[in-house]
**Student:** 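Below is a structure I'd like to ask you about.
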Amino acid sequence: MKELDSAQLFPFEGEPFGYSLHLLLGQGSDGDPAPILLGQDREEMTARVYLGAIVGEPDSLVDLVAIKMLPNDSNQAAGGGQIAVTNQMLWERWDRERLRLTALRQSGIFFPKLFQPEDGRKGLGLAQIPPLFFAREAKQLFTPPCPYCARPLETIRDETFLRTRRLPSFEESAYRLTGCLACADREGAVAVFSAMPLRLPGSVAVGKPEELARSLAKALLRDWDEKTVQTFASKACAEEALAARKSGNVPNPLAFSLRWLPFNFALSPVLVTGLSPLRWDEWADVLGGRDLAEIIPSATADHLQNQSIQRRVEWLKSRLPESGQFFFAEEGNGLDANEVLCLKLIGFHQVVTALAAFYRTTSQPHLDLNAGHVLFDPFGAGASLPSFWSFEAKLHGVASSLSAASLGFDVVLPPAHPTYPYAAPEIVEFQMAHPRAADVFFQDILPDQGSGGMRVVGRLVDPNGLFPTPSAADPIRLALPEEVAGLGLSGLTVFLKEGSEPSYQEFEFQSEPVEIDEILVKKFRRMFGARFPGVRYKVFPRFGSPSDLYSLGILLLRALSHDEAHFGAIVQALPRLSPVLSKQDSDRPAEARLRAAAAGEPAVLALLDRSSIFFGNRERAAARPNAIPQSLWEQAACLAFRLATRTSGFSVCASASDFDPANPVEKLELLLAETEGLIGSLRTLLFHRQAIHREIQTILAEFLLDEPGGREEA
């Protein structure tokens with residue numbers, strides 16, 4: 001890839017650095033240049049990811065990278081309404097991801113390269129990026145100055161300054177205000193700005209990004225003197241403003257301000273990781289015979305996210321050997337079908353291996369496996385190795401889940417915006433289950449010998465039915481009414497009372513230890529038996545390996561489906577398939593149960609046909625040679641359905657709680673072993689078939705030697 005259209009992001013002031021970080025540019029819907037998004041729409045609430053490049057001296061492309069930062073409006077970021085997210089939490093998430101990537105890279109190769117290791121001397125010395133505007137015509141990023149004093153604006157983190165002006169806290173909210181502290185109190189001036197609308201006004205005016213752009217345009221064209229204009233960070237814009245002033249043909253400030261795009265409106269953490277060119281779904285389709293050019297959308301080619309696909313494909317082609325040999329096998333004998341299935345299962349095995357390493361390193365589930373977080377990278381094929389045998393999987397999204405330790409208990413929450421259809425049903429259910437109203441009856445309060453606190457015992461009743469039904473290990477958070485808040489308890493974390501079972505509408509609970517003095521304990525006892533309506537409760541399930549195994553099953557179904565439409569039809573059939581599977585005789589082999597259950601599901605029946613390994617209709621024709629043994633193909637397809645369903649006796653996990661907390665990686669290890677068996681069979685068919693024939697002939701000859709007259713025949 002040559003002559004990259006880009007804007008330098010780092011170093012910020014152009015000081016010498018050996019190599020630089022650039023944002024790749026595409027054409028926006030308005031025809032102007034704009035940074036290229038990598039297309040992860042689902043993360044817009046918690047992160048945005050741009051296509052970038054590491055550029056060496058002199059202007060040589062070193063590597064394509066993904067540049068991840070906060071959205072300008074992060075007020076709704078993460079948590080799904082369960083936790084009040086703050087800037088401190090968001091910064092901690094970035095630190096957690098950076099630390100995890102460093103540790104995970106040491107545990108295995110199936111994770112993206114991090115260009116910001118803890119030792120900044122060995123990588124980009126870049127942990128945060130300041131407020132930045134993008135000058136479209138000049139293709140330049142710059143920190144906007146104050147429209148009054150021309151000093152660079154900064155993100156306001158002075159808590160005293162914010163508190164005395166009744167502005168949102170930086171540490172305790174998700175607001176990030178950018179402004180000039182020296183001009184904030186200036187009469188009639190708007191020198192503080194926010195991309196997020198403030199819920200309550202402060203004692204100083206707060207403007208929007210568009211207001212800052214208009215004020216800067218007005219300053220350049222009218223208010224600043226010539227010397228101040230010359231100090232403007234974008235030299236091209238400054239020269240244009242000076243030329244307009246000298247000519248007397250001064251444009252409208254609003255029109256002039258449209259040349260600037262508020263790229264990063266406030267301080268943001270940033271992660272720069274290696275970019276793998278193909279997503280899981282793209283990789284599966286290309287293996288199945290789809291041309292690389294076909295994965296680039298043509299109908300909306302001007303969309304910035306679609307332009308990222310074009311750049312990724314160009315980068316991929318530049319790294320593939322010129323020979324163009326993708327496979328060992330050639331069309332005609334049907335062995336290429338074997339090879340495609342083998343490669344897809346090898347890729348799947350790599351993802352499971354990465355997930356197992358993630359479990360061992362972090363001691364928690366991933367909970368965000370999807371096609372956008374599993375990418376494939378070619379590491380360079382040798383002269384004798386076909387290109388597609390050189391691909392490696394990279395597992396991303398290693399900090400998508402969120403710790404709920406701030407609620408007073410230790411549990412891992414899935415991402416606030418789960419990706420359909422990869423997210424397990426319990427993850428979707430959790431995000432849909434907002435705090436519900438219930439009645440609470442307090443029954444007892446007992447001293448806890450271990451902590452010295454008190455445990456509250458009671459009963460919760462939801463006339464509309466408990467949702468979801470809690471298990472013994474699930475923490476349940478109660479938001480208590482004002483009558484109880486007078487005791488100093490605004491909330492309780494409770495669990496099912498030992499030995500009790502929840503019914504459809506109620507359960508008995510016992511709380512975690514709480515600190516209540518003796519006077520309040522006596523007052524609390526007087527409340528026993530009374531009904532307290534309007535209590536809000538939220539069940540926090542203990543997520544584990546079943547949730548990730550479900551996502552792995554969906555990923556495998558996508559790899560075995562011949563295209564996106566076929567995959568969508570299979571996903572729609574899954575809820576109908578499980579009840580039918582549960583009625584099958586559990587003593588029958590899993591493959592036979594699946595065939596019987598698929599009788600009324602055309603999409604599932606089509607998947608059980610081994611021709612689904614190919615992408616194109618021509619390759620799926622009945623006369624097309626296909627050397628995949630039908631039994632081996634059905635084992636692979638059945639494995640995908642066993643992962644993506646929850647049927648006792650058939651599925652890998654019968655329920656979301658079907659895992660051993662003491663050994664969370666156990667089912668992943670079993671899955672690795674089963675996948676290795678399938679891959680081994682396919683490798684044998686591909687590379688050791690002739691040797692097997694010789695072994696069979698030798699054994700037959702030995703039998704013949706023992707038969708009368710058999711020596712001559714042998």
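Keep in mind it's a predicted model, so treat the numbers as computed, not measured.
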**Student:** Please check if the side chain of Asn264 supplies one atom and the backbone of Pro130 the other of a donor-acceptor pair under 3.5 Å.
**Tutor:**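 Looks like yes, one N/O pair under 3.5 Å.
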
**Student:** Taking the six-membered ring of Phe263 (Phe, Tyr or Trp), confirm whether the NZ or CZ of Arg48 is under 6.0 Å from its centre and within 45° of its axis.
**Tutor:**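 Arg48 over Phe263 ring: yes.
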
**Student:** Can we say Asp185 and Arg165 salt-bridge, meaning some charged N sits less than 4.0 Å from an Asp/Glu carboxylate O?
**Tutor:** yes

**Student:** Evaluate the ring planes of His373 and His366, with Trp represented by its six-membered ring, and classify them as parallel (under 30°), tilted (30 to 60°) or perpendicular (over 60°).
**Tutor:**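 Geometry flag for His366 against His373: perpendicular rings.
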
**Student:** I'd like to know if the side chain of Arg311 and the backbone of Leu25 have a donor-acceptor N/O pair within less than 3.5 Å.
**Tutor:**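 Yes: the side chain of Arg311 pairs with the backbone of Leu25.
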
**Student:** If we count only N and O atoms by modelled type, under 3.5 Å, do the side chains of Glu210 and Ser257 hold a donor and an acceptor together?
**Tutor:**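 No - no donor-acceptor pair under 3.5 Å links their side chains.
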
**Student:** Tell me if a side-chain donor or acceptor on Ser276 pairs with a main-chain N or O of Leu278 at a distance below 3.5 Å.
**Tutor:**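 Such a contact is absent between Ser276 side chain and Leu278 backbone.
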
**Student:** Tell me whether Lys218 is salt-bridged to Asp223, with the criterion being a basic N under 4.0 Å from an acidic carboxylate O.
**Tutor:** yes

**Student:** Under 3.5 Å, is there a donor on one side chain and an acceptor on the other for Arg477 and Thr493?
**Tutor:** yes

**Student:** Do Pro269 and Leu70 have side chains that get closer than 4.5 Å, going by heavy atoms?
**Tutor:** yes

**Student:** Is there a side-chain contact between Cys149 and Cys180, using heavy atoms and a 4.5 Å cut-off?
**Tutor:** yes

**Student:** Is the backbone N or O of Arg136 less than 3.5 Å from a side-chain atom of Asp32, with the two atoms forming a donor-acceptor pair by type?
**Tutor:**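 No, Asp32 side chain to Arg136 backbone: no donor-acceptor pair under 3.5 Å.
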
**Student:** Distance check, rounded to the nearest 0.5 Å: Ser20 atom OG versus Ile54 atom CD1?
**Tutor:**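 These two atoms lie 8.0 Å from each other.
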
**Student:** Check the angle between the aromatic planes of Trp280 and Phe376 and answer parallel, tilted or perpendicular using the 30° and 60° thresholds.
**Tutor:** tilted

**Student:** How long is the straight-line distance from CZ of Phe358 back to CD of Gln364, given to the nearest 0.5 Å?
**Tutor:**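 Here the interatomic distance stands at 5.0 Å.
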
**Student:** Supply the atom-to-atom distance Leu101 CG to Thr361 OG1, rounded to the nearest 0.5 angstrom.
**Tutor:**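 Here the rounded value is 11.0 Å.
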
**Student:** Judged by atom type as modelled, is there a donor-acceptor pair below 3.5 Å linking the side chain of Ser547 to the main-chain atoms of Leu367?
**Tutor:** no

**Student:** Given 3.5 Å as the limit, does a donor-acceptor pair link the side chain of Arg536 with the main chain of Ala479, or not?
**Tutor:**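 No, because the side chain of Arg536 does not come within donor-acceptor range (under 3.5 Å) of the backbone of Ala479.
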
**Student:** Please round to the nearest 0.5 Å and tell me the distance separating atom OG1 of Thr273 and atom NZ of Lys68.
**Tutor:** 8.0 Å

**Student:** Answer yes or no: is there a donor N or O on one side and an acceptor on the other, between the side chain of Lys113 and the main chain of Val65, under 3.5 Å?
**Tutor:** no

**Student:** Salt bridge check: are Asp281 and Arg279 linked by an N-O gap of less than 4.0 Å?
**Tutor:** yes

**Student:** Between Trp260 and Phe232, what is the ring plane arrangement, given parallel below 30°, perpendicular above 60°, and tilted in between?
**Tutor:** tilted

**Student:** Do Phe543 and Pro414 have side chains that approach each other closer than 4.5 Å (heavy atoms only, starting at C-beta)?
**Tutor:** yes

**Student:** Applying salt bridge (Lys or Arg N to Asp or Glu O under 4.0 Å), can you list everything that pairs with Lys139, at least two apart in sequence or on another chain?
**Tutor:** Asp5

**Student:** Check whether any side-chain heavy atom of Glu154 sits under 4.5 Å from a side-chain heavy atom of Pro131, and report yes or no.
**Tutor:**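 Answer no - side chains too far apart.
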
**Student:** Thr102 pairs by side chain to side chain contact (heavy atoms under 4.5 Å, CB included) with which of Arg100, Arg105, Gln106?
**Tutor:** Gln106

**Student:** Should Leu212 and Val190 count as side-chain neighbours, where that means a heavy-atom distance under 4.5 Å?
**Tutor:** no

**Student:** Given the ring of Trp91, does Arg98 sit roughly above its face, with NZ or CZ under 6.0 Å from the centre of the six-membered ring and within 45° of the axis?
**Tutor:**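 The answer is no; the distance or angle limit is not met.
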
**Student:** Is there a donor in the side chain of Thr86 and an acceptor in the side chain of Glu172, or the other way round, less than 3.5 Å apart?
**Tutor:** no

**Student:** Test: ring pair (Phe, Tyr, Trp, His ring centres under 6.0 Å). Region: residues 182-225. Which pairs qualify, not counting sequence neighbours?
**Tutor:** none

**Student:** Below 4.5 Å, heavy atoms only, C-beta onward: do Arg176 and Asn87 meet side chain to side chain?
**Tutor:** yes

**Student:** Any heavy-atom pair between the side chains of Lys394 and Phe110 that's under 4.5 Å?
**Tutor:**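 When only atoms from C-beta onward are counted, Lys394 and Phe110 do not touch, as no gap falls below 4.5 Å.
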
**Student:** Could you tell me whether the side chain of Phe161 reaches within less than 4.5 Å of the side chain of Phe170, counting heavy atoms only?
**Tutor:**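 In short, these two side chains do not touch, never coming nearer than 4.5 Å.
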
**Student:** Roughly how far, to the nearest 0.5 Å, is CZ of Phe142 from OG of Ser234?
**Tutor:** 5.5 Å

**Student:** Whether the side chain of Glu171 engages the backbone of Glu159 through a donor-acceptor N/O pair (distance < 3.5 Å, no angle test) should be reported.
**Tutor:** no

**Student:** I'd like to check the salt bridge (Lys or Arg N to Asp or Glu O under 4.0 Å) partners of Arg259; sequence neighbours left out, ordered by chain and number.
**Tutor:**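 For Arg259 the salt bridge (Lys or Arg N to Asp or Glu O under 4.0 Å) partners, ignoring immediate neighbours, are Glu137, Glu240.
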
**Student:** Hey, is Glu226 close enough to Arg245 for a salt bridge, meaning N to O under 4.0 Å?
**Tutor:** no

**Student:** Just how far is it from atom OG1 of Thr178 to atom CG of Leu267, taken to the nearest 0.5 Å?
**Tutor:** 8.0 Å

**Student:** Using every non-hydrogen atom in the two residues, find where Pro277 and Asp377 come nearest and quote the distance to one decimal.
**Tutor:** CD-OD1, 3.6 Å

